[in-house]
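Inspection log for the structure reproduced underneath, given as structure tokens.
Values below: every heavy atom of this structure, side chains too, minus hydrogens, waters and symmetry copies. Every chain is numbered from 1, with letters handed out A, B, ... down the list of sequences.
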Amino acid sequence: MGAECNCNCQADSNKKIDELILKYRGNPNGLIVVLAAIQQEMGYLPKDLMIKVAEELNVPLTDVYGVATFYAAFTLRPRGRHSINLCLGTACYVKGAPEVQAAIEKELKIKAGETTEDRRFTFDVVRCLGACGIAPVMTVDGEVHPRMTPEKVSEVLSKYE
Amino acid sequence: MTFQELEEIRIKAKKALAARLGEEPTDEYKYHVLVCGGTGCHSSGCQAVADALEKALADEGLKNSVKLIQTGCMGACQLGPVVMVYPGAYHYCSVKPEDVADIVNEHLKNGRFVERLCYRNSKGELQATMPEMDFFKKQHKIALRNCGLIDPVSIEEYIGMDGFAALAKVLKEMSPQQVIDEVKKSGLRGRGGAGFPTGLKWQFMADQQADQKYVICNGDEGDPGAFMDNAVLTGDPYSVIEAMTICGYATGATKGYAYIRLEYPLAIRNFKKALEVCRQKGLLGKNILGTDFSFDIEIREGAGAFVCGEETALMASTEGKRGEPRPRPPFPAVSGLFGKPSNINNVETWANICPIILKGADWYSGIGVGKSKGTKVFALAGKVVNSGLVEVPMGIKLREVVEEIGGGIASGKKFKAAQTGGPSGGCIPAEHFDTPLDYETLASLGSIVGSGGLIITDEDTCMVDLAKFYLGFTQDESCGKCTPCRIGTKRMLEIMERISKGLGREGDIELLEELAYMIKQSALCGLGQTAPNPILSTLKYYRDEYEAHIKDKTCPAGVCKIRGAKKATS
Ligand SMILES: Cc1cc2nc3c(=O)[nH]c(=O)nc-3n(C[C@H](O)[C@H](O)[C@H](O)COP(=O)(O)O)c2cc1C
Ligand code: FES
């Protein structure tokens, strides 16, 4: 995230990651914690960092890859500038989330799990955000949009450049 | 902090809370204004309301006479953002920043409540205060006792609500075995799904000899549609910390882990903050409350995998591995986290511990029915008027929850079924509307209490579609380790998909049943073993809907998109 700006955020990210790797050096138990930090700072798990983590934490690279592909929170490809998460938990499903999904997919011309050509959006479906009382729920970059309808999709998304 | 200091803080804190406990305000604040900051209200925009209130209070010079607090979930998520004004427990619904002026001018300055922001039931009757509202009348809050009433990260407020009194009592007066006996006697059963007696589980771990034992909090809350654990972790984190510490004392563990799912950023934030405060105050760490008992808790964030809610998978994940379950035995009490004896409980289970210690096992077991003691929190959602979190005595009738607490079906249509227990559960059809909600009765109907998801459906819900949804969920979340679950659920889903497209074949129902029984018998963990339940349960009660899809190529509820199908007349 923020890979193209001129401030020092990239350097900060690297520093944070390095510190965490140091903390768990030689300790395979820290694998998920470290990968989560990389995912958060970089927006995905770059290959070179996965190799580094494998070496430093003393985990076989296959296991790093195994963990990286097991959990939904990790992605191996760069994500879009904005992350859309549509809840497809039960409460949201029953209240019409599938129609909202169809509307998003139509609007962005991508399927769930994909990123738009211009890297503006990555669209994922998730299971229950714990806000079932105001279903169907969608978040964009963590900002919550309650009671979504297919009609509201265009307008909500237009706010994110 | 020493025992005495704790009691001193409590006396002061209790005074400050008087206004919220139905007593005359005894602190300098004339009013306490509570803004719900639970996940639901947060999403509906409570922050803007809180900001507007903050500003208005400053502008009007009321900051010294009105206390403004952001709480955890108050329960009535459908009506959010909720603002409450004490004394009196006035419950303002769907508050927008524009409404703040009225609350300040009318209520806080002139003492007249703002009627237009209060709740009216379907009959149009005004129910201005929390005790008057249908949604709250039949509730009995134990696990949720502090949620929505206190500032979740303020240790003073928690202590004022008898926080850490249970821990103090245990450390001062009770032997570890006495603690376990009390929990056993209370009849408390695990709220994470399986309903295993909690005291018994603690005993297993206490009986183990080991150099290190672990206490774990299962905050993975996987059932999509259940959010009580989120509410407790966000709204009352100290109650979980205190309970885990008590368990550590009772079972001989010195270290705890709280595993919280990634999708709950507010819960993670508040829990982390609470841990820090406890360490600063000597309520966690070495020599707790000046005794020779030491205990600490570390937080682990989940990384997005439903199966990690299963206890052995959760432990693997905590160790930094793929969250795949393993066969039991050995049970975690014998060999759990890092191969050491471990006791794992669900968040809501933890939230019941302190009241049991303080008020006694007899008090707790006096609530509920039969072998289902105490209360259960249900996440009421779907097609009801008032969705939200409701804590009710075990054994309450489904009808009471839906009609009285939930306010009936939103569309004014007919109740069709309640789905309980999420993807591992089943449904309760309309003919069993008067069923008591407890472990045994639900099991006898082919469903489960589970973690407390309670999804209400109406005539417009297609049960084939709903069953397909759950199966799609478990199929997606299958970790792939065992074949019956990985491949079996896939085959079942394919059949469900063709049925819902109107391409079902003669014999598909029988095939589904055969596969279902095979998977139930042979899957490695609870995920696979229970995955077929939604199908079996809907087949039991709504076989005709399946047949309509297969034979007549119609979806009676008009949900499934069947090409060329005529929409059934309802
Ligand atoms: C697939 C699967 C998912 C589960 N998810 C959860 C969960 O999200 N939260 C939870 O507390 N228990 C969950 N459980 C149950 C746990 O394995 C375990 O029984 C529970 O944490 C024990 O705590 P309790 O006795 O307090 O209920 C799950 C079980 C299975 C098989
Ligand atoms: S089902 Fe969507 S927030 Fe819970």
Q.
Other residues, nucleotides and ligands only: do more than 12 of their heavy atoms fall within 6.0 Å of OH on A/Y65?
A. no
**Q.** Largest heavy-atom contact set with chain B, pairs under 4.5 Å, which of A/C132, A/G142, A/A135, A/A131
**A.** A/C132
Q. Any idea which of B/A267, B/G453, B/P224 has the most non-hydrogen atom pairs under 4.5 angstrom with chain A?
A. B/P224
Q | Minimum heavy-atom distance A/F70-B/E324, with the two atoms named | A | CE1-CG, 3.9 Å
(Q) With a 4.0 Å cut-off on N to O distance, would you call A/D63 and B/K321 a salt bridge? (A) no
Q. Quick one: does B/I455's side chain get under 4.5 Å of A/V94's, heavy atoms only?
A. yes
Q.
Please give me the minimum heavy-atom distance between B/F227 and A/G133, naming the atom from each residue.
A. CZ-N, 4.3 Å
Q) Would you say the side chain of B/F338 lies within less than 4.5 Å of the side chain of A/N29, judging by non-hydrogen atoms? A) yes
Q. Around A/K152, counting heavy atoms of other residues, nucleotides and ligands shown, do more than 12 lie under 6.0 Å from its NZ?
A. yes
Q) Looking at side-chain heavy atoms only, is the closest gap between A/R127 and B/F306 below 4.5 Å? A) no
**Q.** chain A contact via B/D476 - side chain, backbone, both or neither, heavy atoms under 4.5 Å
**A.** side chain
(Q) Tell me whether A/Y93 contacts the main-chain N or O of B/Y470 through its side chain, where contact means a donor paired with an acceptor under 3.5 Å. (A) no
(Q) Minimum heavy-atom separation for A/A73 and B/L262, please, with both atom names. (A) CB-CD2, 3.4 Å
Q.
Please find the pair of heavy atoms, one from B/F469 and one from A/G89, that lie closest to each other, and give the distance.
A. CZ-C, 3.6 Å
Q. Hey, does the side chain of B/S43 reach the backbone of A/V144 with a donor-acceptor pair shorter than 3.5 angstrom?
A. no
Q: Give the member of B/C77, B/S44, B/G323, B/C73 that has the highest number of heavy-atom pairs under 4.5 Å with chain A.
A: B/G323
Q: Flag the pair B/Q419 / A/T90 as yes when at least one side-chain heavy-atom distance between them is below 4.5 Å, and no otherwise.
A: no
Q | Pick from B/E301, B/R261, B/E263, B/H42 with the largest number of heavy-atom pairs that fall under 4.5 Å of chain A | A | B/R261
Q: Measure A/T139 against the heavy atoms of chain B and call it side chain, backbone, both or neither at under 4.5 Å.
A: neither
Q: Heavy-atom distances under 4.5 Å only: say whether B/V307 touches chain A with side chain, backbone, both or neither.
A: side chain
